[in-house]
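Notes to accompany the following structure.
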Amino acid sequence: MTGIDYDCEGCGRRHEGADGTEANPWPLLEFDGPEAYLRMNPWERVFRARATEEMCLIDNGDTVDCYVTGVLSLPVRDEEARLLYVPWVKLREADYVDLLENWGNLRFRGSYRGTLASVLPGCEHPQAVPVLVTAPGQLPPLIEPDPASGHALVREQREGISRQEAELRIRSMLLEDTEV
Ligand SMILES: [Zn+2]
């Protein structure tokens with residue numbers, strides 16, 4: 001078992017043999033914006049969107065789509081390791097405003113319903129999976145697939161995935177990044 005080698009966007013160094021433990025974590029599976037934003041051309045981004053690393057608004061004329069990022073954590077079966085996605089989630093406007101108003105308040109507890117707005121590697125039909133977004137009294141918001149959705153992610157979060165599958169998903173994402 002050799003683990004994953006990658007250039008870390010966090011600390012700027014190269015990590016070798018990462019095994020997904022807290023001591024030697026895998027890279028975060030992150031996205032530069034919600035899928036709808038990634039698909040926009042530069043003009044659309046300028047005139048219809050407003051985005052930071054954690055929040056994004058897309059203007060549809062008479063409505064505005066609101067997105068935030070959070071952490072979706074999948075355990076590796078029978079191990080301490082974790083695969084961490086940082087996907088975008090679409091929220092109702094009122095919930096988005098509520099979450100933003102309390103963004104820096106570590107005592108705040110909130111819970112919202114949203115839908116997944118990122119294409120996760122290894123996850124079939126991830127977009128529009130209903131999710132629960134909780135502000136758990138700490139940063140950042142946590143994302144859980146809605147158990148009622150019956151999506152494969154629900155079982156993966158409950159029972160974990162294999163180390164092999166986790167590494168496969170990471171490698172496919174690292175490969176995508178180098179192709180760009
Ligand atoms: Zn690092």
Side-chain angles (χ1 to χ4, degrees), residues 1-40 45 49-57 67-91 99-100 102-108 110 114 116-124 126-127 129 131-145 152-153 156-180:
M1 210 180 304
T2 55
I4 301 265
D5 302 337
Y6 66 101
D7 295 314
C8 178
E9 284 179 27
C11 69
R13 283 191 299 230
R14 183 154 182 88
H15 291 263
E16 291 184 341
D19 61 6
T21 61
E22 190 173 358
N24 198 1
W26 284 323
L28 301 174
L29 301 189
E30 297 178 291
F31 308 85
D32 291 336
E35 189 63 19
Y37 178 80
L38 297 181
R39 288 183 188 176
M40 289 178 136
R45 287 187 187 184
R50 175 60 61 97
T52 71
E53 285 185 6
E54 294 164 323
M55 299 145 201
C56 179
L57 296 173
Y67 303 89
V68 297
T69 58
V71 173
L72 192 159
S73 166
L74 299 184
V76 173
R77 216 174 290 138
D78 304 324
E79 296 191 50
E80 292 290 306
R82 285 186 164 272
L83 179 63
L84 298 183
Y85 290 103
V86 188
W88 289 84
V89 169
K90 187 173 172 183
L91 291 178
L99 184 59
L100 246 62
N102 293 286
W103 197 256
N105 177 3
L106 297 187
R107 273 185 231 146
F108 174 72
L116 219 47
S118 292
V119 176
L120 312 186
C123 171
E124 265 183 65
Q127 282 209 78
V129 174
V131 293
L132 307 171
V133 179
T134 51
Q138 60 185 48
L139 298 173
L142 299 180
I143 298 171
E144 293 171 89
L153 273 173
E156 291 180 355
Q157 195 168 56
R158 193 177 57 228
E159 298 171 11
I161 60 175
S162 70
R163 169 166 292 272
Q164 190 186 17
E165 175 62 23
E167 290 192 347
L168 197 69
R169 294 182 189 186
I170 297 162
R171 286 187 210 285
S172 77
M173 192 99 171
L174 291 176
L175 205 65
E176 229 172 74
D177 285 349
T178 49
E179 275 168 5
V180 172

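Owing to the predicted nature of the structure, the values given are computational and were not obtained by experimental measurement. Order of appearance sets the numbers: ligands from 1, and atoms from 1 within every ligand. Numbering starts at 1 and runs along the sequence shown.
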Checklist entry - Which atoms form the tightest heavy-atom contact between Phe31 and Val86, and what is the distance? => result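 Nearest heavy atoms, Phe31 then Val86: CD1-O, 3.5 Å.
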
Checklist entry - Between Glu9 and Glu30, does a side chain to side chain contact (heavy atoms under 4.5 Å, CB included) hold up when you go through it step by step? => result CA-CA 11 Å; Glu9 284 179 27; Glu30 297 178 291; 4.2 Å; yes

Item to check | Atoms of the protein (N/O/S only) found under 2.8 Å from the Zn ion (ligand 1) | outcome: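 Protein N, O or S atoms closer than 2.8 Å to the Zn ion (ligand 1): Cys8 SG, Cys11 SG, His15 NE2.
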
Checklist entry - Taking the side chain from Thr52 and the backbone from Glu54, do they hold a donor-acceptor pair closer than 3.5 Å? => result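 Yes: the side chain of Thr52 pairs with the backbone of Glu54.
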
Checklist entry - Tell me, which pairs form a side-chain hydrogen bond (donor to acceptor under 3.5 Å, both in side chains) where one or both residues lie in residues 19-29, sequence neighbours left out? => result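 Listed by first then second residue: Asp19-Thr21.
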
Item to check | Name of the residue among Val71, Ile143, Thr69, Leu74 meeting side chain to side chain contact (heavy atoms under 4.5 Å, CB included) with Tyr85 | outcome: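 The side chain to side chain contact (heavy atoms under 4.5 Å, CB included) with Tyr85 is passed solely by Leu74 among Val71, Ile143, Thr69, Leu74.
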
Checklist entry - Would Val131 and Leu153 satisfy side chain to side chain contact (heavy atoms under 4.5 Å, CB included), going step by step from the backbone distance to the final call? => result CA-CA 10 Å; Val131 293; Leu153 273 173; over 6 Å; no

